[in-house]
Q: 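After the structure tokens below, expect a handful of questions from me.
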Amino acid sequence: MSKELLGALDTLESEKGIKKEVVIEALEAALVSAYKRNYGQAQNVEVDFDQVKGNIHVYAVKEVVEDVFDSRLEVSLQDALAINRAYEIGDDIRFEVTPKNFGRIAAQTAKQVIMQRVREAERGIIYDEYSQYENEIVTGEVERQDNRFVYVSLGKVEAVMGRSDQLPGEVYRIHDKIKVYVSKVENATKGPQVFVSRTAPDLLKRLFEQEVPEIFDGIVEIVSIAREAGDRAKVAVRSNNPNVDPVGTCVGPKGQRVQTIVNELHGENMDIVEWTDDTAVFIANALNPAEVLDVIFDPENERGCTVVVPDYQLSLAIGKRGQNARLAAKLTGFKIDIKSETEASDIMDANPDDVAAAETAPQAATEDAPVSDGVADDVAAEPSAATDAEPEATDSEATEPEAVTDSEAAASDEAAASDEAASDAE
């Protein structure tokens, strides 16, 4: 039996990937549990497993004492000295108490404990294997689906994809190969549970990393992603190399790179825009394909702005069901109010003071964020010119009344003097 047990351990290690040491530890714990239950032994039992011969030995550990109160836990000094004269009070002596036959109950208990430890070891291996794939993209095979989940086989484990993680309108058939994003891995009581998604924005990021080597190498960086899964997405990219065009790199020759991603997501539209330090320019880029005439920041809300577009492009800037404006707001992190050129002109004519205050907002909003030199100079010059002009006009207006007052005083003095001379002559 010992040889059979060693052979079974080797097979278990090769087929299940469970190390022999883990199984032996489980076996020893099982034998201790079975011995305690069936023979009423106290908690001083130890089990040794010989990994070479496969022999199992059960030992009762007893402490050397002067007077014995419990023979199951203690041994007298006199008996200990009979075994070995080197023993002293307080030493532990191991006595072999291996039963010839554990019996049916003992064997069953040992089997249950062993199987439990084996299952735990398998779960630990699977969890360790798939936890490293968390926040990564993997390819799985659709196995089945019900009202709640689509079950995707990832090899040793079956992942689940909830309704909110499924692309709207996408049909999943058994044995279909799909790319999924591992959003979470849990080590549950029933075993590792893997959750995957087809709607996560990071799925898009991983797909771009697979298709665009420059993104994988860090030459081009994805700054932010705004996505309405299955319909449309906007991706803001920037280049860490001035000689590399980030948008053109992601689109690829004749649009092949981005088209591969669109096909994988079953026709989800993709807008790739360039990220820039100039917030106004970035907001204008985010509203592509609409043309933007001006971006006016809200002085009362540092994350709010008004975007002016040509009259004929108002509907294009807003998008179908407001989708273009909504995605641009998610991409930039700004609350965007879109107005046509005519509406903006009417507001300017009706409230010139409010417009003047709003024009200073880009300067305040960009004090923290760096902008290009040309834009910064233009924005800073206009308010300062207006500000400088107002005090000069005030000074001139203040001095003119003063000059008039002096002249009037001189004239009245002369008139008084002449009247005085005339009266003297009379």
Q: Is the backbone of V308 close enough, under 3.5 Å, to the side chain of D294 for a donor and an acceptor to pair up by distance?
A: no
Q: Taking atom CD of E221 and atom CH2 of W275, what is their separation to the nearest 0.5 Å?
A: 8.5 Å
Q: Judged by atom type as modelled, is there a donor-acceptor pair below 3.5 Å linking the side chain of S76 to the main-chain atoms of E66?
A: no
Q: The test is side chain to side chain contact (heavy atoms under 4.5 Å, CB included); show your working for V65 and V75 and say whether it passes.
A: CA-CA 6 Å; V65 294; V75 61; over 6 Å; no
Q: Show your reasoning for whether side chain to side chain contact (heavy atoms under 4.5 Å, CB included) applies to V196 and S183.
A: CA-CA 5 Å; V196 296; S183 56; 5.8 Å; no
Q: Does any part of the side chain of S239, heavy atoms only, come nearer than 4.5 Å to the side chain of T249, both counted from C-beta?
A: no
Q: Kindly compute the distance separating OG (S153) from CD (E143), expressed to the nearest 0.5 Å.
A: 4.0 Å
Q: Which atom names give the shortest non-hydrogen contact between C305 and I283, and what distance separates them?
A: SG-CD1, 3.7 Å
Q: Look at the side chain of D202 and the backbone N and O of K205, then say whether any donor-acceptor pair between them is shorter than 3.5 Å.
A: no
Q: K184 vs Q193, test: side-chain hydrogen bond (donor to acceptor under 3.5 Å, both in side chains). Steps then yes/no.
A: CA-CA 8 Å; K184 184 170 59 174; Q193 184 68 66; over 6 Å; no
Q: Donor-acceptor pair, distance only, cut-off 3.5 Å: does the side chain of R206 make one with the backbone of V138?
A: no
Q: Check this for me, if you would: do E211 and R257 make a salt bridge, where the nitrogen-to-carboxylate-oxygen distance has to be below 4.0 angstrom?
A: no
Q: Salt bridge check, K62 against D92: does any charged N sit closer than 4.0 Å to a carboxylate O?
A: no
Q: Passes side chain to side chain contact (heavy atoms under 4.5 Å, CB included), I272 versus V258? Steps please.
A: CA-CA 9 Å; I272 303 175; V258 72; 3.9 Å; yes
Q: Measure the spacing between CD of E268 and CG of L204 and express it to the nearest 0.5 Å.
A: 6.5 Å
Q: If I take atom NZ from residue K339 and atom OG from residue S345, how far apart are they, to the nearest 0.5 angstrom?
A: 12.0 Å
Q: Please list, chain by chain and in numerical order, all residues satisfying side-chain contact (heavy atoms from CB on, under 4.5 Å) with L81, sequence neighbours excluded.
A: L77
Q: side-chain hydrogen bond (donor to acceptor under 3.5 Å, both in side chains) between Y172 and E170: does it pass, once the steps are laid out?
A: CA-CA 7 Å; Y172 303 99; E170 188 174 36; 2.5 Å; yes
Q: Could you tell me whether a side-chain N or O of K234 sits under 3.5 Å from a main-chain N or O of A286, the two making a donor and an acceptor?
A: yes
Q: Report yes or no: does Q323 contribute a side-chain atom to a donor-acceptor pair with the main-chain N or O of K320 at less than 3.5 Å?
A: no
Q: When you check the gap from the basic side-chain N to the acidic O, do E228 and R321 get nearer than 4.0 Å?
A: no
Q: Can D165 and R198 be said to form a salt bridge (Lys or Arg N to Asp or Glu O under 4.0 Å), step by step?
A: CA-CA 5 Å; D165 294 313; R198 292 270 292 170; over 6 Å; no
Q: Heavy atoms, side chains only, cut-off 4.5 Å: are V237 and V223 in contact?
A: no
Q: Mind listing the closest non-hydrogen atom pair of E274 and F282 along with its distance?
A: O-CD1, 3.8 Å
Q: Can a donor-acceptor pair be found, under 3.5 Å and without considering hydrogens, that links the side chain of D217 to the backbone of E214?
A: no
Q: Using a strict cut-off of less than 4.0 Å between a Lys/Arg side-chain nitrogen and an Asp/Glu carboxylate oxygen, indicate whether D128 and R123 qualify as a salt bridge.
A: no
Q: Measuring from S224:OG to K330:NZ, what's the distance to the nearest 0.5 Å?
A: 12.5 Å
Q: Is it the case that the side chain of Q313 and the backbone of A290 share a donor-acceptor pair, with hydrogens and angles ignored and the cut-off at 3.5 Å?
A: no
Q: Please assess N147 against R163 for the test side-chain hydrogen bond (donor to acceptor under 3.5 Å, both in side chains), listing each intermediate value before the final yes or no.
A: CA-CA 8 Å; N147 295 331; R163 282 190 170 275; 4.9 Å; no
Q: Please step through side chain to side chain contact (heavy atoms under 4.5 Å, CB included) for the pair I137 and L207, ending with a clear verdict.
A: CA-CA 8 Å; I137 189 172; L207 289 174; 3.4 Å; yes
Q: So how far is it from D271 CG to N324 CG, rounded to the nearest 0.5 Å?
A: 6.5 Å
Q: I'd like to know if E129 and K156 make a salt bridge, using a cut-off of under 4.0 Å between side-chain N and carboxylate O.
A: yes
Q: Test your reading of the model: is there a side-chain donor-acceptor pair from D311 to the backbone of T342, 3.5 Å cut-off?
A: yes
Q: What is the ring orientation for F149 with Y151, classed by angle as parallel under 30°, tilted 30 to 60°, or perpendicular over 60°?
A: perpendicular
Q: In the structure I gave you, are the side-chain heavy atoms of F208 and I225 within less than 4.5 Å of one another anywhere?
A: no
Q: Has the side chain of R227 got a donor or acceptor atom that lies under 3.5 Å from a matching backbone atom of A200?
A: yes
